[in-house]
2 protein chains.
Amino acid sequence: MRILLVEDELDLARALISALERHDILVDHVSTLEMALEAVENAVHSIAVLDRKLPDGDSLTIIPQLRRAQAGLPIIVLSALGSPEHRIEGLETGADDYLAKPFVVDELVARIRALMRRPAMIADMGITVGKLTFNLGDGTATAAGEPMTLTRREVLALEVLVRRAGRTVARSALEEAVYGFDDEIASNTLDAHISRLRRKLAPANVEIHSIRGIGYLLRATS
Amino acid sequence: MRILLVEDELDLARALISALERHDILVDHVSTLEMALEAVENAVHSIAVLDRKLPDGDSLTIIPQLRRAQAGLPIIVLSALGSPEHRIEGLETGADDYLAKPFVVDELVARIRALMRRPAMIADMGITVGKLTFNLGDGTATAAGEPMTLTRREVLALEVLVRRAGRTVARSALEEAVYGFDDEIASNTLDAHISRLRRKLAPANVEIHSIRGIGYLLRATS
DNA sequence: TGGTCCATATTGCCGCAACATTGCGAAACT
DNA sequence: AGTTTCGCAATGTTGCGGCAATATGGACCA
């Protein structure tokens, strides 16, 4: 097993590396967000362990990018910010686990083991469904080669649907994606967006099924 | 999603239940280890949340039994014993997460979500009977490779039947699974659902026997 | 063996809640 | 000011799921 450790305090990093290697866990160590993103490009790591506070920013901000680079990558965040609010923030952002400093090294090992107890990730579905291509980088899309104009809300919704193409997306997940965690929605506005997306997606041979009581599912027209 | 909460402090239990249900998580609540083991027999729950200290013992001791009854059941342990040693002990025993009291309810919700998000868990949890494969992660099923459309009630019933394939499932267990512990049913509606399931399952070489006076049993057609 | 009882099977009906669609007006951007 | 976006609600549509009427079949007893 090879993990990516992103930690800027060198003493702590060294301690962690030697402890982890004593448990037969290989460690690649970098110390900035930028280097972390670069390292993940090769997708060779089974887990990423991020210190939250790094020289070039809060590591929570790059979790989406890490996930985009390697779908399903398990992520553990280490932080001195251990209040429940901080922990929730970390988990909601997509971390699989959040460990407050100070911690005992063996606990980190145990949590890595807990995350690894499951088999590896699912291959990335890609960004093409039917005649639709969706660019995760800038949120643009083309239908059969023709660029399509999408509003902001539509982009947000479509991104989630495309990422999970062929699998159902819970209505609540869509709401979270389109609005914030905070913002609430008090009508069927989401349905309206879906409706308009459907019309725009029709030329791309892509349809959005509704799963009654659950949410929606995007797939190529059969 | 339906979870099993094992907690003997009634005030805390009530608070958790109302918070979880506000997040659309169904909760079945029991207060002893014995009742927990009994509840898991029916294999109805997606996650078990255990208070560590219970009237009839330390809940860590029954984790292996829970796992035996339902392979892959994710388990979260709540405990006032929050030292690193205790946490490690919990994780090593097989808990997927260990949350120290006192905690903010939203953190528990976030951790439940994090556990359910695990893609690997979904891959882990496919069950095959005859030509039927049932995906415990998202409640979808395929018959001989063809995806089948199931209604919500059908999914709930089929999940239990598949989990206990080859063993009889008490009628009462099915009612619990499809409706709540509380909700009652005043007609033969369950039978109707079974009937419709049978028709859908026929192409998958799977049949549902009725065990007169007891319940049902699902198995591959011989 | 034949009859009766009762649990289960099957099917259609239909209310109601979830979802779809569209127009309108307010707000936000240019 | 003009344009676009978006939230909202009114209205239309769909289909789940509860119920009950009727059918089937096994169990038990005489």
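So that the names make sense, note that chain A is the first sequence line, chain B the second, and so on, each numbered from 1. Note: hydrogens, waters and symmetry copies are ignored here, and every other heavy atom, side chains too, is used. Given the structure is predicted, the values throughout are model-derived calculations rather than measurements.
- Counting heavy atoms from C-beta outward, B:K101 and B:E9 have side chains that approach closer than 4.5 Å.
- OP1 or OP2 of D:dG18 sits under 4.0 Å from a side-chain N or O of B:H193.
- In this structure, B:L197 places its CG atom 16 Å from C1' of C:dT8, rounding to the nearest Å.
- A close approach under 4.0 Å does not occur between any side-chain nitrogen or oxygen of B:R153 and OP1 or OP2 of D:dC16.
- At least one side-chain heavy atom of B:I194 sits under 4.5 Å from a side-chain heavy atom of B:L161.
- The side chain to side chain contact (heavy atoms under 4.5 Å, CB included) check on A:S79 picks up A:R52, A:L81, A:Y98, with sequence neighbours excluded.
- Atom-to-atom, CG of A:L190 to P of D:dA9 comes out at 16 Å; the value is rounded to the nearest Å.
- The phosphate of C:dA7 (OP1 or OP2) has no side-chain N or O of B:S210 nearer than 4.0 angstrom.
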Name the atoms and distances for all side-chain donor-acceptor pairs under 3.5 Å in residues 211-219 of chain A, with sequence neighbours left out.
unit_1	atom_1	unit_2	atom_2	d
A:R219	NE	A:E207	OE2	3.4
A:R219	NE	A:H209	NE2	3.2
A:R219	NH2	A:H209	NE2	3.0

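- B:R14 is linked by a salt bridge (charged side-chain N to carboxylate O under 4.0 Å, His left out) to B:D11, counting only residues two or more places apart in sequence or in another chain.
- Nucleotide C:dA20 holds its P atom 17 Å from the NZ atom of A:K200, rounded to whole Å.
- Scored by the side chain to side chain contact (heavy atoms under 4.5 Å, CB included) test, A:V160 finds A:V169, A:L174, A:A177 as partners (sequence neighbours excluded).
- Residue A:I194 contributes atom CD1, which lies 16 Å from atom P of D:dC8 at whole-angstrom precision.
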Can you name the atoms? Protein N/O to nucleotides 13-18 of chain C N/O, anything below 3.5 Å, with the distance.
unit_1	atom_1	unit_2	atom_2	d
C:dA18	N3	A:R212	NH2	3.1

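- In this structure, the nucleotide among D:dA20, C:dT21, D:dG18 sitting nearest to the side chain of B:N188 is D:dA20.
- Rounded to whole Å, the distance from CG on A:L174 to P on C:dA20 is 12 Å.
- Regarding A:D191, its CG atom lies at a distance of 16 Å from the C1' atom of C:dG23, rounded to whole Å.
- Between A:T32 and A:D8, the closest side-chain pair of non-hydrogen atoms is not below 4.5 Å.
- Applying the 4.0 Å criterion to OP1 and OP2 of C:dT22, one finds that A:S195 has every side-chain N and O outside that range.
- Straight-line distance from the CZ atom of A:R199 to the P atom of C:dT21: 8 Å, rounded to whole Å.
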### A:R171/A:D191 under salt bridge (Lys or Arg N to Asp or Glu O under 4.0 Å): CA gap, chis, key distance, verdict
CA-CA 10 Å; A:R171 190 185 193 79; A:D191 307 58; 2.5 Å; yes
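- Within the 4.0 Å cut-off from OP1 or OP2 of C:dA7, not a single side-chain nitrogen or oxygen of B:Y216 is found.
- In this structure, B:E154 atom CD and D:dG18 atom P are separated by 11 Å, rounded to whole Å.
- At least one side-chain heavy atom of A:L66 sits under 4.5 Å from a side-chain heavy atom of A:L37.
- The C1' atoms of five pairs define one axis at each end of the helix from C:dT1-D:dA30 to C:dT30-D:dA1, and these two axes lie 30° apart (to 10°).
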